[in-house]
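Every chain is numbered from 1, with letters handed out A, B, ... down the list of sequences.
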Amino acid sequence: MISNTEQPQSSTTATAVAQSGDAKLNRLEMITRGEHVDAVIHAELAKCASVLDVNDVSLWYGDKQALFDINMIIPDGHVTALIGPSGCGKSTLLRCVNRMNDLIDNVRLGGDMRLNGDSIFSPHIDVIALRKRMGMVFQKPNPFPMSIFENVVYPLRIDGERDRNVLEEVCERALRGAALWNEVKDRLHESGLGLSGGQQQRLCIARAIASDPEVLLLDEPCSALDPIATGKIEDLIDELRGDYSILIVTHNMQQASRVSDFTAFMYLGHLIEYGPTVSLFTNPKLKETEDYVMGRFG
Amino acid sequence: MSQVVDPSATVEAESAKLPRVRRRVRPGASVIAQGEPMLWLTGGGLVICFLMIVTLLLYVLWQGVTTFWPQPIVQVETIDGRVLLGEAFAYDAYELKFSNLAGQSEAAREKLQKMLHPAFHAVVQRELDAGTLSDRVNSNRPMILKAVITQVRLAPTVQQAAPETRAAIVSQIEATLDSKWDAFVTRFAGEVSANAGNESGDALVAAWNAAAAESEATLGELDVDAFRKQFTDGGAAVYSVWASEAWSSLTLPVAVPMRRREFRTENFELTSEHFNWVSDFEIRPDGESFPEWAMLLERVEGGRFYGFPMELRIDGEAVETESAAIWAAFPRLHSECRERWLEGKEIDEIEGGAFNRRREHERLALIETGYHYGKESEEYRTAQAALDESERANAAEYAEIRSRIDELAQLNSRYSLLMRTIGDQQQEIPLAEIVRACPANRLQTGEKCGIYLSRWREFLFDNPREANSEGGVYPAIFGTVVMTLLMSIAVVPFGVLAALYLREYARAGFVVSAVRIAINNLAGVPSIVFGVFGVGFFCYMVGASIDELFYPAKTANVGPTFGTGGLFWASLTLALLTLPVVIVATEEALSAVPRSMREGSLACGATKWQTIRRIVLPRALPGIMTGTILAMARGAGEVAPLMLVGAVKLAPHLVFDLHDWSGSFGPLPTGALHPERSFMHLGFHIFDLGFHSQNSEAAKPMVYTTTLLLIGIIAVMNVAAIWLRAQLRKKFQFSQF
Ligand SMILES: Nc1ncnc2c1ncn2[C@@H]1O[C@H](COP(=O)(O)OP(=O)(O)O)[C@@H](O)[C@H]1O
Ligand SMILES: [Mg+2]
């Protein structure tokens with residue numbers, strides 16, 4: 001599935017770049033002009049087991065296309081970062097994974113995604129059941145107006161779980177997993193809204209991992225937080241690596257380089273380059289990617 | 001020469017092309033800016049609104065709070081020999097004029113003259129000092145002229161003359177007066193100043209009276225020819241008539257400020273009046289006193305009684321005859337009598353009520369049998385026999401209840417108080433009929449407080465007496481509260497569901513907008529329209545159908561059950577009326593729930609309904625509560641529709657009666673709640689007291705207290721809403737970071 005998109009493309013683009021020395025930003029200009037550009041996907045990705053396959057995903061908000069034929073795999077048990085200038089469709093792509101875009105009127109989808117082999121975009125799929133298989137954390141912390149305990153076990157509550165022991169166990173595990181347990185264990189029954197911003201965000205992460213998701217979607221989880229809280233969340237993501245497959249959107253390059261194993265660079269709805277974080281940041285195949293990660297445009 | 005163009009020069013050249021526009025400050029603009037006219041305008045608007053509301057509230061508050069405070073009992077003796085005993089109830093300032101003299105007694109007139117004559121002198125003296133007397137007379141010229149002509153027309157001689165003659169006389173007089181006017185004025189002014197020396201004003205009045213007498217004589221005596229001659233030559237006769245009117249015109253500005261007071265004197269069975277107006281001048285010197293033993297009796301029936309205690313009687317024998325001793329013995333005997341009275345009333349209401357209901361029920365059963373099987377049928381005859389049988393048993397039971405009540409009444413009838421009115425009439429009043437008695441002028445502050453509180457207690461917890469103008473408003477409070485609660489129970493679920501659908505499920509578009517506009521418009525429909533709808537739809541359609549289905553026999557023979565106004569229909573009508581409030585408030589509360597919370601819940605795999613129930617509704621609860629309480633306050637204060645759908649002046653039973661569990665709504669048992677019953681309502685009570693009372697003057701204080709109570713209840717609801725909202729907000733507030 002990946003093999004057919006991978007090698008040939010990167011070779012053709014490499015030659016293209018080599019041929020026209022002046023055409024540094026040609027890819028980005030081509031995209032701006034509305035032309036089609038193929039993504040450069042590094043070979044290392046082919047070796048990974050995937051949790052999520054993205055096949056030819058396109059998305060339209062009304063008449064406006066926001067995603068253009070995205071093809072990528074999200075490796076299992078790793079942290080994958082989506083970077084790109086704001087408005088390039090990172091959140092849109094992320095929200096496709098748990099079909100949150102269904103809530104918006106006039107959204108049209110093309111292609112498909114597969115979560116561990118199960119189609120996501122199929123009209124017959126049970127969206128509720130699908131969402132239960134993943135967890136999502138948003139840009140702004142959004143704890144519910146209820147106690148910390150209830151916040152964490154919310155996914156179980158809606159599944160009708162009543163057993164106190166199960167709930168308490170899950171709550172502790174999730175809070176420990178979100179590195180929040182020690183801070184809140186004495187006030188589990190106080191309102192979740194009384195926590196600080198960083199704690200609230202970790203509470204949301206705890207809520208997201210409480211139901212043991214197959215993939216964890218983080219949409220700029222630190223953008224509303226101060227640097228210390230951001231540091232804690234990054235440490236947390238580091239700890240979650242291996243246990244969970246994480247897809248994180250960030251517009252902070254350092255963050256992407258610190259926390260992620262793989263990074264995808266997007267531009268105006270197109271996937272430009274996708275590969276291991278180290279090579280993308282130190283030795284990108286494309287000049288455009290290099291410019292972006294060096295902060296030369298964006 | 002130089003090829004190099006100085007860049008700054010270009011800039012200057014270019015800017016020179018465009019005229020430089022500088023902001024000019026127009027003279028005066030700064031003054032306006034400093035004065036900020038909009039500040040004053042907007043602030044003024046606020047102040048006016050605020051003042052109106054505060055004035056209204058303070059007025060109601062003051063009137064309502066002071067009504068029950070015991071007032072002293074005044075004894076007033078008038079100059080014409082009347083003696084009154086009662087409470088000063090209201091007063092009124094007016095201007096006393098010469099015209100008020102007519103119809104007064106001799107003594108009163110004498111007193112009035114003493115006040116009016118010096119005032120007349122003062123007015124005249126002022127004119128004389130300023131030298132404007134002639135001007136004053138001249139300025140009254142049209143009026144004087146008209147009066148003279150009227151006098152002449154009315155003179156017997158002129159009346160008998162032929163119409164042409166009459167017209168000729170009138171025009172001649174007009175001509176004469178025109179030509180002689182200035183001479184008359186000069187002559188009149190001389191006369192006035194000649195009489196002005198006397199400060200008591202009596203000389204002036206005497207001159208006026210003399211002129212009037214002369215004028216009358218002139219007009220009465222003459223025959224037509226002499227009359228014409230006299231009037232055409234402008235001699236003494238015409239002057240006398242003219243002068244009489246000139247004097248009158250001079251007295252016009254004379255007015256003495258005067259106060260009159262309304263005394264509540266009551267003792268209606270003896271005097272046939274509740275109130276007496278007395279002007280201050282009517283009161284004899286030292287004619288106002290506060291007799292120590294003047295007593296006020298508030299009675300169960302017949303209104304208040306003001307008088308002096310003479311005897312406390314047991315079995316018709318005087319046991320105490322001394323005022324102090326009577327008052328000392330009174331409280332114990334009185335409270336015993338009242339207890340027995342209450343006991344009797346309770347037996348009558350509870351046991352007698354249950355008994356009556358049972359009988360009613362049995363009779364209804366017979367009627368139903370008759371309705372279903374026909375009056376000739378075997379079943380009917382059997383039922384009839386059974387009813388006769390139980391009626392005999394009933395008679396015995398009723399006699400038993402009656403005898404217990406009678407026994408208590410018998411016991412009570414032994415005790416009575418003999419009172420003497422200020423008019424020296426005697427009246428024996430049974431103790432049991434006295435609600436409250438006090439020698440108002442002897443009361444210490446503590447006792448006054450006691451009476452004040454006991455009146456409030458009666459007001460809040462007792463039934464009304466005296467066609468609602470006395471006693472309590474308990475049934476009205478009760479009716480208002482039960483109706484409001486039922487209304488809320490009806491309106492909240494519907495309102496919240498409708499708002500949920502509109503905000504959460506419906507796809508935004510034309511239809512939703514149209515529905516929303518319709519709902520908002522519903523809030524602007526006059527409430528009486530809802531009343532009309534309630535009567536037409538609920539009572540006459542739904543209610544009548546229920547009657548037809550479930551109470552056919554009763555409807556045909558006794559009357560409608562649900563087919564007429566009642567608690568249930570009133571509640572539903574008001575629910576309809578307040579529905580927009582709830583819907584709008586709920587929609588607002590729902591839309592205030594942040595999108596991020598819904599997304600958070602949905603991302604956890606919650607269904608839409610789970611999200612609504614667990615996240616959205618709790619979050620929106622403060623807003624929904626506020627809307628509900630506002631709707632309740634609106635509903636509690638509404639009167640117009642209730643007049644049509646079930647509020648009544650006096651309801652025989654409460655709508656929620658713990659002694660009567662037979663309530664039903666069609667086939668549904670509703671226990672102690674009787675949804676078909678009409679009820680009393682505070683708002684309607686106010687309307688009824690103020691405008692439909694036989695003795696609306698006496699009911700006025702009750703109007704204020706009831707208004708105060710209603711405003712109080714609504715204010716409490718609103719404060720509760722605000723408090724609740726603040727509490728819940730605090731609970732659901734995001735922490736700041
Ligand atoms: N609900 C929406 N309706 C219409 N256009 C949208 C909507 N959400 C996002 N877009 C558009 O889609 C593009 C991608 O948005 P987004 O995925 O939020 O970007 P990013 O998260 O990378 O900043 C943007 O141009 C944005 O204007
Ligand atoms: Mg985004």
Counting only heavy atoms not in [X], do more than 12 fall under 6.0 Å of its [atom1]?
| X | atom1 | value |
| --- | --- | --- |
| Ile228(A) | CD1 | no |
| Asp63(A) | CG | no |
| Trp60(A) | CH2 | yes |
| Phe494(B) | CZ | no |

Only one of Ser601(B), Ser596(B), Pro594(B) clears side-chain contact (heavy atoms from CB on, under 4.5 Å) with Asn142(A); which? Ser596(B)
Of all the heavy-atom pairs spanning [X] and [Y], show the shortest one and how long it is.
| X | Y | value |
| --- | --- | --- |
| Lys132(A) | Gly605(B) | NZ-O, 3.2 Å |
| Ile104(A) | Arg595(B) | CG1-NH2, 4.1 Å |
| Pro143(A) | Met597(B) | O-CE, 3.4 Å |
| Arg131(A) | Leu602(B) | CD-O, 3.1 Å |

What part of Asp226(A) gets closer than 4.5 Å to chain B, counting heavy atoms only: side chain, backbone, both or neither? neither
Just verifying a value: how many Å separate Met136(A) CE and Glu599(B) CD, rounded to the nearest 0.5 Å? 7.5 Å
What part of Arg614(B) gets closer than 4.5 Å to chain A, counting heavy atoms only: side chain, backbone, both or neither? both
Quick check: do Cys604(B) and Arg207(A) have side-chain heavy atoms less than 4.5 Å from each other? yes
For chain B, find its close neighbours in residues 90-103 of chain A: heavy-atom separation under 4.5 Å, sorted by number, or none. Arg95(A), Asn98(A), Met100(A), Leu103(A)
Sort by residue number and list every member of residues 147-156 of chain A having a non-hydrogen atom under 4.5 Å from chain B. Tyr154(A), Pro155(A)
When only pairs under 4.5 Å are counted, which of Ile128(A), Val137(A), Asp159(A) shares the most heavy-atom pairs with chain B? Ile128(A)
